[in-house]
J.: 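Have a look at this one before I ask anything.
This one's a predicted model, so the numbers in the text were calculated from it and none came from an experiment.
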Amino acid sequence: QLVKAIAKLNCKSAASLNEGSRSEGMLPGKQLKYFVKVAWAWTFWLLLPFIAVTTYQFAKSKFLYGPTKSILMVLRRLSALLVGTAIWYICTRFFIYIENLTGTCSTSGKLSEPRQLYATKQECHQDNGIWNGFDISGHCFLLSYCALMIMEEVAVLEGLSIDQNSNLRVVINILFLSLCFLTVIWVFMFLCTAVYFHDFIQKLLGVLIGLSAWYGTYRFWYLKPFSPGLPLPNIPLTSKKYSYSR
């Protein structure tokens with residue numbers, strides 16, 4: 001109960017900071033909102049070294065590949081980040097398009113003034129207006145997709161064998177703990193968004209699109225030969241053994 005109370009208090013603080021930034025221009029709320037908006041950048045730059053190091057070690061230790069073939073396997077796996085970037089860009093552009101398509105602008109102009117039509121949310125805000133459109137939750141989409149992608153990629157540790165005292169193990173442990181910490185932040189921010197922001201249908205659609213992006217890649221496309229592949233290729237889920245003890 002204490003943990004729930006603290007989490008609720010922190011969520012309310014985040015919500016109040018965000019509302020305060022809208023009305024009074026407070027910097028912390030803007031920073032918090034910006035941090036979530038660049039969730040893909042944080043995820044990308046932490047997964048990049050993790051995938052590169054673990055895939056290279058996995059290729060050498062499990063498949064007995066040479067340096068050249070191991071690097072090619074690393075490049076193939078890193079293309080999953082390019083796929084994720086494409087998904088992030090296409091989906092966010094789509095959300096903005098839907099909001100502009102369905103929205104109208106409310107301004108505080110005088111009744112005698114002719115009513116101006118606005119095509120986009122940006123034009124509306126430039127005239128200090130309020131845009132009312134169907135805003136699919138980009139935060140729910142992005143945070144759910146990033147958290148699921150991190151969970152998929154760290155699964156490579158189940159098939160990785162590294163000496164206890166090696167420097168490489170220290171590097172992988174640091175990256176792994178950083179990804180775990182980032183995932184906790186994404187889940188926490190997801191809960192705050194779910195409780196305090198957007199309508200239910202907007203949040204639901206955001207989550208469903210995030211889940212669809214994850215399922216369509218890691219549970220369907222990445223099983224095919226011409227794809228970035230899975231973190232643990234050719235190893236059935238039921239036969240995986242946890243060999244990377246931390």
J.: Measure the shortest side-chain to side-chain distance between Pro49 and Leu175 over non-hydrogen atoms and say whether it is less than 4.5 angstrom.
T.: yes
J.: Specify the closest pair of heavy atoms between Ala80 and Met149, including all atoms of both residues, with the distance to one decimal.
T.: O-CE, 3.7 Å
J.: How long is the straight-line distance from CH2 of Trp45 back to OG of Ser178, given to the nearest 0.5 Å?
T.: 15.5 Å
J.: Leu101, Ile90: one ILVMFWY side-chain cluster at the under-4.5 Å cut-off?
T.: no
J.: Find out if a path of hydrophobic residues (ILVMFWY) with successive side-chain heavy-atom gaps under 4.5 Å connects Tyr145 to Ile96.
T.: no
J.: Quick one: does Phe141's side chain get under 4.5 Å of Leu205's, heavy atoms only?
T.: no
J.: For Ile71 and Thr68, what are the C-alpha separation, side-chain angles and deciding distance, and is it a side chain to side chain contact (heavy atoms under 4.5 Å, CB included)?
T.: CA-CA 5 Å; Ile71 291 175; Thr68 303; 5.9 Å; no
J.: Does the cation-pi check pass for Arg93 over Tyr89, that is, NZ or CZ under 6.0 Å from the six-membered ring centre and within 45° of its axis?
T.: yes
J.: Is there a side-chain contact between Ile185 and Phe181 in this structure, where contact means two heavy atoms from C-beta onward sitting under 4.5 Å apart?
T.: yes
J.: Would you name the heavy atoms of Ser70 and Ala59 that are closest together and state the gap between them?
T.: OG-CB, 3.7 Å
J.: Is any side-chain heavy atom of Tyr56 less than 4.5 Å from a side-chain heavy atom of Met73?
T.: no
J.: Is there a side chain to side chain contact (heavy atoms under 4.5 Å, CB included) between Tyr222 and Glu152 once you walk through the steps?
T.: CA-CA 11 Å; Tyr222 290 0; Glu152 289 287 350; over 6 Å; no
J.: Measure the CD1-OG distance between Ile201 and Ser137 for me, rounded to the nearest 0.5 Å.
T.: 12.0 Å
J.: Check for a donor-acceptor pair, side chain of Ser79 on one end and backbone N or O of Leu82 on the other, with a separation under 3.5 Å.
T.: no
J.: With sequence neighbours left out, write down each residue that passes side chain to side chain contact (heavy atoms under 4.5 Å, CB included) with Phe94, or none if nothing qualifies.
T.: Ile98, Ile136
J.: Output the distance between atom CH2 (Trp88) and atom SG (Cys146), rounded to the nearest 0.5 Å.
T.: 10.5 Å
J.: Residues two or more places apart in sequence or in another chain: which of them pass side chain to side chain contact (heavy atoms under 4.5 Å, CB included) with Thr183?
T.: Ala147, Ile150, Val187
J.: Name the one of Val156, Val154, Asn167, Val53 that satisfies side chain to side chain contact (heavy atoms under 4.5 Å, CB included) with Ile172?
T.: Val53
J.: Indicate if Met189 and Val184 have the same hydrophobic cluster label, given that clusters are the connected sets of ILVMFWY residues with side-chain heavy-atom separations under 4.5 angstrom.
T.: no
J.: Would you say Leu157 and Phe50 make side-chain contact, with heavy atoms under 4.5 Å?
T.: yes
J.: Closer than 3.5 angstrom, by distance alone: can the side chain of Arg77 be matched with the main-chain N or O of Ala52 as a donor-acceptor pair?
T.: no
J.: Could you check whether any side-chain heavy atom of Ser227 comes within less than 4.5 Å of a side-chain heavy atom of Arg76, counting everything from C-beta outward?
T.: yes
J.: Is the terminal nitrogen or CZ of Lys224 (NZ for Lys, CZ for Arg) located under 6.0 angstrom from the six-membered ring centre of Phe220 and within 45° of that ring's axis?
T.: yes
J.: Looking at every heavy atom in both Pro231 and Tyr218, which two are closest together, and how far apart are they?
T.: CD-CE2, 4.4 Å
J.: Answer yes or no: is there a side-chain heavy-atom contact under 4.5 Å between Trp214 and Arg219?
T.: yes
J.: Any chance the side chains of Trp186 and Thr43 put a donor and an acceptor closer than 3.5 Å?
T.: yes
J.: Run Val207 and Phe190 through side chain to side chain contact (heavy atoms under 4.5 Å, CB included) and show every step you take.
T.: CA-CA 10 Å; Val207 172; Phe190 177 87; 3.6 Å; yes
J.: Nearest 0.5 Å please: distance from the NE2 atom of His139 over to the CZ atom of Phe95.
T.: 11.0 Å
J.: Can you tell me how far CD of Glu153 sits from OG1 of Thr55, rounded to the nearest 0.5 angstrom?
T.: 7.0 Å
J.: How are the rings of Phe44 and Trp40 set relative to one another: parallel (under 30°), tilted (30 to 60°) or perpendicular (over 60°)?
T.: perpendicular
J.: Carefully, step by step, assess Ile51 and Val74 under the rule side chain to side chain contact (heavy atoms under 4.5 Å, CB included).
T.: CA-CA 7 Å; Ile51 294 175; Val74 169; 5.9 Å; no
J.: Less than 4.5 Å apart, any side-chain heavy atom of Val83 and any of Trp221?
T.: yes
J.: Quick one: do Leu47 and Met151 end up in the same hydrophobic cluster if we chain Ile, Leu, Val, Met, Phe, Trp and Tyr together by side-chain heavy atoms under 4.5 Å apart?
T.: no
